[in-house]
Amino acid sequence: MDIQLIKNAEESKYIPLAGELLLQTQNDESIFSNRFRSKKMFLLNASTNERFEIGAGIKKYLFGEISYASKDPNYIYFVSLEEETAESFWVILYKYQFDNDEISKSYKFSMNKSDIEDRLLIFAIDGNYLLIEQIDRKTSKFKRIILHETNQDRDIPIENSLVGVLGVERIIPISGNNCVVKLGASKTFEQFKNDNKKKDILISSYALVDEADVVDEFETNEQITPETEIIGIVNIRQFISENSLNGANVSMERLDVAKKDSTFPYIKITEGKVVYSKFSAEYHSEKIVFYDYENDVKQVRLNNDVYKSTDLSYTYIINDTPYMISRAKTQTTMLNLNNQKIEAKFGADVYVKFVENDLLVLSRKKHKIPFFNEGSNYIEVVRFPDIHTKVFTTKADYKYCISTGNNLLIFTL
């Protein structure tokens, strides 16, 4: 994997698309409603550094969070905003097609200006269906869920379907039409009652446990409420088609369910596994699940004494082994969850910023004279487990990383 340094990243924002393609945005001149600055948008090839502008002449804004249900879509969506009335505005979705360089207007809907700070999720199911959700910024509850078919220019009623009741929080493509979906809004620690009495689990932290010991089974006849959260694997086209029939019966391989006193703080796919966390307010514990979807193998580990979000375990799979990276005041450690041994330690001046396969991106502050100057920030890349040999280093302030598969892009301030 090639490592590339992209300097002065505060002047642009980069969003990964398909393969080596990135969407690069830069500030333009217009400002909408005194809040959102318009953007110029470019398609950038990370391998060749070639780029070209898309949608020139259309005022574009980074409004809403656009996700794709395909790993390699041959199109992208972008958003334009226009005034409607003194109290409302138009949200206009455009689609840019890679293969023919064409731009088309896919959907236009109205929002109240009083809701302009709400969270807007836009899921591109394929080139035809769009799932759009408006979430209240304060309560995190779904205000509106729209399933739109662009070819027929029609909204499909789904209020009585599983998606209509719970809403979709994440869609993560696996391969082909198969995706991991997270239904229902994740709860915050503040939403759980502080007077929950802790029940003890007589299993030590990070021990490998039988799933039946810690998972609440979800009965098929049990009522689904707006507080329910579900993680499952679906054929996304079939899933959307079944929900468009406005029924509760949908095809899904359910991996887990969170009820009133539990939630899924995070979910991701790494190294061919679905990795997610399930927090129980009743037990003040966290279940860390590694699901190998190709071989249908699930491993579960526990993290006890979880009372706040910083107590959660953020896990990574390196060389097919699960690790937990923990930050304390004096050091950062990497715990091998298979053998329960700490296999790497970093000093207090080192922060692990990004993990990609066996590459660790570190931010380190170095002082010429210890304790007598502010020091300088360095970015270092090491290959685990040989953490003392640097494969890349530069003097810079770290901002973020993007992996395209062939390239590791490090963005600096």
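Hydrogens, waters and symmetry mates are skipped; everything else that's a heavy atom, side chains included, is used.
Using cut-offs of 30° and 60° on the angle between ring planes, the pair Tyr314 and Tyr266 is parallel.
For Phe78 and Tyr94, the distance between ring centers is under 6.0 angstrom.
Of the possible polar contacts, one joining the Asp292 side chain to the Asn295 backbone as a donor-acceptor pair under 3.5 Å is found. No side-chain donor-acceptor contact under 3.5 Å links Lys287 to the backbone of Phe279. In this structure, the side chain of Asp311 does not engage the main chain of Ser285 through any donor-acceptor pair within 3.5 Å. Judged by distance alone, with hydrogens and angles left aside, the side-chain atoms of Lys268 form no donor-acceptor pair with the main-chain N or O of Thr270 at under 3.5 Å. At least one donor-acceptor pair under 3.5 Å links the side chain of Arg170 to the backbone N or O of Ile267.
In this structure, Arg327 satisfies the cation-pi test against Tyr351, with its NZ or CZ atom closer than 6.0 Å to the six-membered ring centre and inside 45 degrees of the ring normal. Cation-pi check for Arg364 over Tyr378 is not met; the charged atom does not lie both under 6.0 angstrom from the ring centroid and within 45 degrees of its normal.
Applying the salt bridge (charged side-chain N to carboxylate O under 4.0 Å, His left out) test to Arg237 and every residue at least two apart in sequence or in another chain returns Asp126. Scanning for side chain to side chain contact (heavy atoms under 4.5 Å, CB included) contacts around Asn339 gives Asn336, Lys341, Glu343, with sequence neighbours left out.
A side chain to side chain donor-acceptor pair (under 3.5 Å) check over residues 54-63, counting only residues at least two apart or in different chains, returns nothing.
Taking 4.5 Å as the limit, some side-chain heavy atom of Lys39 sits within range of a side-chain heavy atom of Leu62.
In plain terms, the two heavy atoms of Tyr77 and Tyr68 that are nearest each other are N-OH, 2.9 Å.
Atoms CD1 and CG, on Ile145 and Leu147 in that order, are 10.5 Å from each other to the nearest 0.5 Å.
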